[in-house]
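The block underneath contains the structure these notes are about, expressed in C-alpha cells.
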Amino acid sequence: MKVGVLTGGGDCPGLNAVIRAVVRKGERVYGDELIGFRDGWKGPIEGLTMPLDVERCRGLLPKGGTILGSSRTNPYKVDGGVDRLKANLAELGVDALIAIGGEDTLGVAHRLTSEGVPVVGVPKTIDNDLNGTEVTFGFHTAVQIATDAIDRLHTTAESHDRVLVCEVMGRHAGWIATYAGIAGGAAEVLVPEIAFDIDEVCDFLKRRHESGRFASIVVVAEGAQPKAGTMVLQSGEVDAFGHARLGGIGLVLAEEIEKRTGFETRVTVLGHVQRGGTPTAFDRVLATRFGVAAIDAVHEGAFGQMVALQAGAIVRVSLEEAVGQLKTVDTHLVEVAEVFFG
Ligand code: F6P
C-alpha cells in the first residue's frame with residue numbers, strides 16, 4: 001500500500017516517534033511505501049510531500065517537534081481545499097492516510113472519512129483533552145517540564161516571600177495545570193473547567209501567609225476564566241479553527257493578587273517550553289505503540305478510527321467519539337489538588 005502520514009496542530013513531543021514507528025512497521029512488515037505530507041492538512045491540499053523510509057527515520061525517536069512540519073490549516077476553510085486534497089491523494093496514488101493530531105486535525109479526519117477519504121487517527125496533544133483515550137502522547141512530557149519549573153519557582157518564592165504565578169498551557173482543559181499543580185505542591189490550581197473567584201484565591205493566599213507560610217505557587221491554565229464580572233481579560237486573535245490565541249491570564253492574575261493582598265507577586269509563563277525538546281520515556285513508548293497500532297489499523301481497513309489507550313491496552317475508537325466532546329479534568333483529580341489549597 002502507499003500510506004501518507006501528516007502531523008497537524010501544535011507540535012508535541014513524540015510526533016517523530018509515531019512517524020518512525022509507522023514507517024518501521026509499514027516498510028518492514030507490510031512492505032508499504034510511506035509518504036510524508038508537510039505542514040498538516042496544508043500538505044495534501046498543496047501536494048507538499050517528502051519521502052519517508054526507515055533510513056530517513058534513524059535517530060528520530062528522542063527528537064522533539066515533527067520532521068513533517070505542522071500547521072493549523074483547515075481544508076474546510078480553504079477555497080476548494082477538500083477537492084484539491086482529494087485530487088492530490090488520487091494523483092499520488094495514496095491508498096490511506098494516517099493523521100496525527102488533536103481535536104482539530106482529527107475533526108477534519110472525521111469529516112474526510114465520512115466523504116470517503118480513508119484516514120486513521122493518532123491522538124496527539126500536550127493538553128490531554130481528546131476523548132476516547134486515557135492519555136495522549138506529549139502530555140506526560142509537558143507535565144514533567146511544568147513540574148520541574150514549579151520546583152525551581154519554589155526556591156525563589158521561599159527566599160523572597162513571594163507569590164509566584166505559573167501559567168501553563170491548556171486551552172479548554174486543565175490537565176497540565178492539575179497534574180503539575182499536584183506534583184509541584186501548588187497552593188492554588190486554576191483550570192478552565194471551573195470559573196475561579198479571585199476573592200477566594202486571595203483569601204486562601206492571605207490565610208496561608210498568616211500561618212507563616214510565605215511562598216505560594218499559583219498554577220493557572222491559560223484557558224482559566226474568572227467568574228463573570230470579577231476581572232477583565234484581553235481577547236486574542238483567532239485561528240482557522242476559531243480558537244483564540246491564549247496566554248496572558250497569568251499576568252492579569254498576578255497583578256490582581258498583588259493589588260488585593262499586598263504580597264509581592266510575579267508571573268512565569270511557560271508557553272512553548274512545555275511542548276519543546278525530547279519526549280519522556282513514557283511518551284516515547286506510548287507514541288511508538290500508537291504508531292505501530294495505526295499502521296496495523298490501516299491494513300485492517302479500520303478507517304474513521306483512532307488508536308487509543310484504555311486500561312493500559314491500545315484499542316481503537318471511532319473518530320466521531322474522539323472529537324465529539326472534549327475530555328475535561330476529572331472532578332476527583334481537582335478535589336485532590338484542592339486538599340492542598342491555601
Ligand atoms: O493544542 C496544544 C496547544 O499547545 C495549546 O495548549 C495551546 O493553547 C496552543 O496549542 C497554542 O498554539 P500555538 O503554538 O499555535 O499558539
Side-chain angles (χ1 to χ4, degrees), residues 6-16 18 38-42 64-66 68-74 77 99-109 121-133 135-147 149 166-181 189-193 219-225 233-253 267-280 283 286-287 306 322-323 325-329:
L6 65 84
T7 54
D11 72 313
C12 175
L15 282 165
N16 285 325
V18 178
R38 300 214 43 113
D39 304 337
W41 291 113
K42 186 176 172 197
T66 163
L68 293 176
S70 194
S71 75
R72 296 192 187 277
T73 304
N74 182 348
K77 292 281 164 64
I100 313 167
E103 46 154 340
D104 296 329
T105 304
L106 298 186
V108 169
V122 177
K124 165 244 66 155
T125 168
I126 63 162
D127 291 356
N128 196 36
D129 58 1
L130 257 177
N131 201 32
T133 185
V135 67
T136 49
F137 71 84
F139 170 64
H140 189 271
T141 305
V143 169
Q144 192 58 54
I145 293 169
T147 303
C166 180
E167 182 185 306
V168 298
M169 282 186 169
R171 203 198 283 275
H172 308 294
W175 288 101
I176 299 175
T178 310
Y179 262 74
V189 177
L190 308 177
V191 294
E193 289 87 341
V219 179
V220 58
E222 61 180 351
Q225 293 289 329
L233 296 180
Q234 308 136 313
S235 58
E237 274 177 51
V238 170
D239 69 17
F241 288 90
H243 302 305
R245 183 174 294 170
L246 297 176
I249 176 81
L251 184 61
V252 182
L253 186 66
V267 62
T268 298
V269 179
L270 294 185
H272 296 92
V273 169
Q274 292 158 97
R275 295 201 322 224
T278 190
T280 57
D283 278 335
L286 183 62
M306 178 187 87
V323 302
Q325 65 179 78
L326 280 173
K327 184 185 69 186
T328 50
V329 175

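When a ligand or atom number is given, it counts from 1 through the structure's own listing order. Please read these numbers as outputs of a predicted model, since none were measured by experiment.
Counting atoms of ligand 1 from 1 in the listed order, those under 4.0 Å from a heavy atom of E222 are 5 (C), 6 (O), 7 (C), 8 (O). For ligand 1 and R275, the ligand atoms under 4.0 Å from any heavy atom of the residue are 3 (C), 4 (O), 9 (C), 10 (O), 11 (C), 12 (O), 13 (P), 14 (O).
Between S70 and G9, the closest heavy-atom pair is OG-O, 2.5 Å. For the residue pair P13 and F137, the shortest heavy atom distance occurs at O-CD1, 3.3 Å. Scanning both residues, G174 and A221, for their nearest heavy atoms gives CA-CB, 4.4 Å. The heavy-atom pair separating D11 from L15 by the smallest distance is CA-CD1, 3.8 Å.
At a 4.0 Å cut-off, at least one heavy atom of G170 sits close enough to ligand 1 to count as contact. Not close to ligand 1: Q274, with no non-hydrogen atom less than 4.0 angstrom away.
Scanning V168, T136, D127, D104 for the heavy atom closest to atom 1 (O) of ligand 1 points to D127.
In this structure, D129 does not pair ionically with K327, as no charged nitrogen and carboxylate oxygen lie closer than 4.0 Å.
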